[in-house]
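Note that the structure is a prediction, hence the values are computed from the model and not measured. So you know, we letter chains A, B, ... as the sequences are listed, proteins then strands, and number each from 1.
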Amino acid sequence: MTILVIVEHDKGAIVPATLNTITAANMLAEPIEALVAGDDIKQVADAALQVASISKVLIADSGEYAHHLAENLAPLIQQIAPNYTHVFAPATTFGKNIMPRAAALLDVMQISDIIEVISQDTFKRPIYAGNALATVQSSDPIKLITVRSTAFDAAEASGGSATIESISGTGSSQLSEFESSELSGSERPELTSAGIVISGGRGMQDSANFAMLENVADKLGAAVGASRAAVDAGFAPNDYQVGQTGKVVAPELYMAVGISGAIQHLAGMKDSKVIVAINKDEEAPIFQVADYGLVADLFDAVPELDSKLS
Amino acid sequence: MKILVPVKRVIDYNVKVRVKQDQSGVELNNVKMAMNPFDEIAVEQALRIKEAGDADEVVLVSIGPTQSQETIRTGLAMGADRGIYIEAPHETEPLSIAKLLARVADQEKPGLIICGKQAIDDDSNQTGQMMSAFLGWSQATFASAISLSADNAIVTREIDGGLETIKVKMPAVITVDLRLNEPRYASLPNIMKAKKKPIDTLTAEALGVDITARLSILKVEEPAVREAGIKVSSVGELVEKLQEEAKVI
């Protein structure tokens, strides 16, 4: 039994969710190999070699993998997957895009977004936006699995001693091409891997008011998030969204500011270790999940919090 | 050009889901059902493309229990032209659904398939990508903007770090995200008209697809309930609790 982990990487670095995925794979206590596919990826390959618990790194360094296009990557996974019993990838937009395509090519039913490894064929995953948890058993010869990164700790990024093997590419499908990307260039930690997240909701009233949260975030080394209501109202960009339809986070500390606590938001943050809610409506449902609730006007409380943290 | 839009009947997103006592699944009896919200966005987008003159027919497909035909009617009332219904158990897996849809596409020969990025019941997020693989077509997932030309679609995708724009060859499978559009409500005259629109019925056997499940559901349970904590009276007390008690800052 050997397991393959698909490494997600960006700008020469391993995306943190990959390390959580390796921890999930490691629950099976079998050798793990990693696939790094991309264009000019020596740096990522070197980083992957250092990751503890990886025994071999497969490198597919070829132009067709430059932008992680699913039509090019899925055939590569299809080609090497028969050497493995399990293929794991993070349940990020990267993993969600490529893995089902690879699963179809292999004629296996993917197991999406697992939160627990029970045995080599049995896994637990949330359904209905986390309002129910299903335990599923797969009868497929190769298990293709995506992993909810917040449910597993990150694997050690150092101390490994993997061997390296170059593999040849499967060529371009000629079906799709990358045009451009518009990434929010923030100095703050990435939302899904941050230790502290401070999010604003409709109560923020204006995009300019998010600056208050950013000040607090910078003092705490936190990421800034938002509820869907705040995103839909144009107060915060799309990629800030925490919730069923946005990102799922589970930091050490989650601060919900001016967020009422709709089910759709709770689905994205209820597994946080400590939850703080600041809301002037004491009936707001967010207080039902908060460890510490402060009934206050956020326009008084947030600046005060900012000054107290200085 | 013809556009195919798969639609799924799911528990209405406003309904609080209840797990069955015997842990065999969630309660579906006497629960309000509706079209998967992401599929509504897909139907809306197809209708807008048709209204812009870039498509001449919008065909809906639904796979599931008999009542899935109601979901097709909902889409027909929004303005779609006709429906195809395939009878199958509620739990039919994305792999099987994608195979069925690919067979329908072989017969219907659409120029474009638009579907929701995921269904809000099993949250798998697989069907569109799998269907695209079976057809050997291009795929553009999580679309928040789409523009079409004769040979290509330019699609802006919502990815973790922001937005990405790709160009895909037609025919393509596009899966849609929430912000692509706001679906219309069906008007009363259109609801009446929808009753006369045709729905064809097909079966998995006739399409030659084996829909045997690969995953067995051993158990469905409620997640652990989080208990409410305490209320603090001031920002000062909050900071103190976070530092001294929770030790998270």
Side-chain angles (χ1 to χ4, degrees), chain A residues 10 70-71 74 92-93 96-97 100-101 103-105 108-113 122 126-140 175-184 196 220 238-239 245 252-253 270 273-274 276 287-295 301 304-305 308-309, chain B residues 11 16-17 19 26 93-95 98 120-126 129-130 132-134 137-142 144 154 157-169 178-179 214-223 226 228-232 234-236 238-239 241-242 246 248-249:
Chain A
D10 184 34
E71 298 89 333
T92 53
T93 49
K96 289 172 179 174
N97 188 45
R101 193 172 181 104
L105 296 177
V108 304
M109 174 60 203
Q110 178 185 310
I111 308 150
S112 294
D113 224 9
T122 307
I127 55 175
Y128 290 93
N131 288 308
L133 304 176
T135 301
V136 297
Q137 183 174 35
S138 166
S139 61
D140 281 318
L175 287 172
S176 63
E177 52 191 281
F178 172 82
E179 293 265 302
S180 63
S181 62
E182 197 182 309
L183 304 178
S184 37
I196 301 179
L220 294 170
N238 288 345
D239 53 308
T245 51
E252 291 289 305
L253 172 61
K270 68 181 167 51
K273 195 159 162 243
V274 175
V276 167
F287 287 120
Q288 291 165 17
V289 299
D291 298 283
Y292 302 106
L294 176 63
V295 180
E304 194 186 339
L305 179 64
K308 284 226 160 38
L309 294 170
Chain B
I11 294 183
K16 169 129 182 62
V17 171
V19 171
V26 304
E93 290 169 350
L95 183 71
I120 62 165
D121 49 6
D122 66 13
D123 287 333
S124 288
N125 198 328
Q126 300 175 2
Q129 297 88 314
M130 287 180 159
S132 174
F134 289 131
W137 292 7
S138 62
Q139 75 178 50
T141 49
F142 325 137
S144 63
I154 307 282
R157 307 177 53 229
E158 294 200 16
I159 59 169
D160 287 334
L163 298 172
E164 175 188 89
T165 302
I166 58 172
K167 183 160 96 179
V168 297
K169 264 206 186 122
L178 273 180
R179 272 164 290 269
R214 309 290 184 84
L215 299 183
S216 46
I217 298 170
L218 303 183
K219 182 167 75 169
V220 174
E221 61 198 316
E222 300 251 10
R226 205 180 168 108
I230 58 161
K231 291 262 170 64
V232 293
S234 67
V235 173
L238 176 64
V239 171
K241 292 278 188 201
L242 292 177
V248 286
I249 60 170

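- One distance of note links CZ of Arg101(A) with CD of Gln129(B); it measures 9.0 Å at 0.5 Å rounding.
- With a 4.5 angstrom heavy-atom cutoff, Ile217(B) touches chain A via backbone and side-chain atoms both.
- Side-chain atoms of Gln139(B) do not come within 3.5 Å of backbone N or O of Glu71(A) as any donor-acceptor pair.
- Chain A forms the most heavy-atom pairs under 4.5 Å with one residue out of Val19(B), Val17(B), Val239(B), Asp121(B), and that residue is Asp121(B).
- Listed here is the closest heavy atom pair of Val220(B) and Ala132(A): CG1-CB, 3.9 Å.
- Looking at Leu305(A), both its backbone and its side chain come within 4.5 Å of chain B, counting heavy atoms on both sides.
- Interface remark: Val248(B) contributes backbone and side-chain atoms alike to the contact with chain A (heavy atom separation under 4.5 Å).
- Considering only heavy-atom pairs separated by less than 4.5 Å from chain B, the leading option among Ala134(A), Ser180(A), Ala70(A) is Ser180(A).
- Using a distance-only test at 3.5 Å, with no hydrogens or angles considered, no donor-acceptor pair links the side chain of Ser176(A) to the main chain of Val168(B).
- Both the backbone and the side chain of Ala246(B) come within less than 4.5 Å of a heavy atom in chain A.
- Heavy-atom distances place both the backbone and the side chain of Gln137(A) under 4.5 Å from chain B.
- The candidate with the highest count of non-hydrogen atom pairs below 4.5 Å against chain A, out of Arg157(B), Lys231(B), Lys169(B), Glu164(B), is Lys231(B).
- In plain terms, the two heavy atoms of Ala129(A) and Asp123(B) that are nearest each other are N-OD2, 2.7 Å.
- In terms of heavy-atom pairs under 4.5 angstrom with chain B, the leader among Leu220(A), Asp140(A), Val276(A) is Asp140(A).
- Proximity of Leu183(A) to Ile159(B): side-chain heavy atoms (C-beta onward) are separated by under 4.5 Å at one or more points.
- The candidate from Ile127(A), Asp239(A), Thr135(A), Val274(A) with the greatest count of non-hydrogen atom pairs under 4.5 Å with chain B is Thr135(A).
- Looking at Ser144(B), there are no atoms closer than 4.5 Å to chain A (heavy atoms on both sides), in backbone or side chain.
- The environment of Glu221(B) atom CD is dense: over 12 non-hydrogen atoms of other residues, nucleotides or ligands sit within 6.0 angstrom.
- Pro223(B) and Gly130(A) get closest at one heavy-atom pair: CG-O, 3.2 Å.
- Of the inter-residue distances, the one linking Asp113(A) atom CG with Gln126(B) atom CD reads 10.0 Å to the nearest 0.5 angstrom.
- Looking at Lys96(A), the atoms closer than 4.5 Å to chain B (heavy atoms on both sides) sit in the backbone and in the side chain alike.
- With respect to chain B, the highest number of heavy-atom pairs below 4.5 Å among Ser138(A), Pro126(A), Ala103(A) belongs to Ser138(A).
- Ranked by heavy-atom pairs under 4.5 Å with chain A, the list Glu158(B), Arg179(B), Lys16(B), Lys241(B) is led by Arg179(B).
- Highest contact tally toward chain B, considering only Val295(A), Val289(A), Asp10(A), is held by Val289(A) [criterion: heavy-atom pairs under 4.5 Å].
- Atoms CD and OG, on Gln110(A) and Ser124(B) in that order, are 8.0 Å from each other to the nearest 0.5 Å.
- When heavy atoms are compared at a cutoff of 4.5 Å, Leu178(B) approaches chain A solely by way of its side chain, counted from C-beta outward.
- Side-chain contact between Met109(A) and Pro94(B): present, with at least one pair of heavy atoms (C-beta onward) separated by less than 4.5 Å.
- Closest heavy-atom contact between Gly236(B) and Glu304(A): N-OE2, 4.4 Å.
- Side-chain contact between Ile120(B) and Tyr128(A) is absent, with no heavy-atom pair separated by less than 4.5 Å.
- Under the 4.5 Å side-chain criterion, counting only non-hydrogen atoms from C-beta, Arg226(B) is in contact with Asp291(A).
- Judged purely by distance below 3.5 Å, without hydrogens or angles, the side chains of Thr141(B) and Asn97(A) pair a donor atom with an acceptor atom.
- Val235(B) places a side-chain heavy atom less than 4.5 Å from the side chain of Leu294(A).
- In this structure, chain B has no heavy atom under 4.5 Å from any part of Ala74(A).
- With a threshold of 4.5 angstrom between heavy atoms, Leu133(A) approaches chain B through its backbone and through its side chain.
- Looking at Leu309(A), the atoms closer than 4.5 Å to chain B (heavy atoms on both sides) all sit in the side chain, from C-beta outward.
- Interface summary for chain A: among Leu242(B), Asp160(B), Ile166(B), the most heavy-atom pairs under 4.5 angstrom belong to Asp160(B).
- For the residue pair Ile196(A) and Ile249(B), the shortest heavy atom distance occurs at CD1-CG2, 4.0 Å.
- Closest of all the heavy-atom pairs between Tyr292(A) and Val232(B) is CD2-CG1, 4.3 Å.
- Lys167(B) NZ to Leu175(A) CG: the interatomic distance, rounded to the nearest 0.5 Å, is 13.0 Å.
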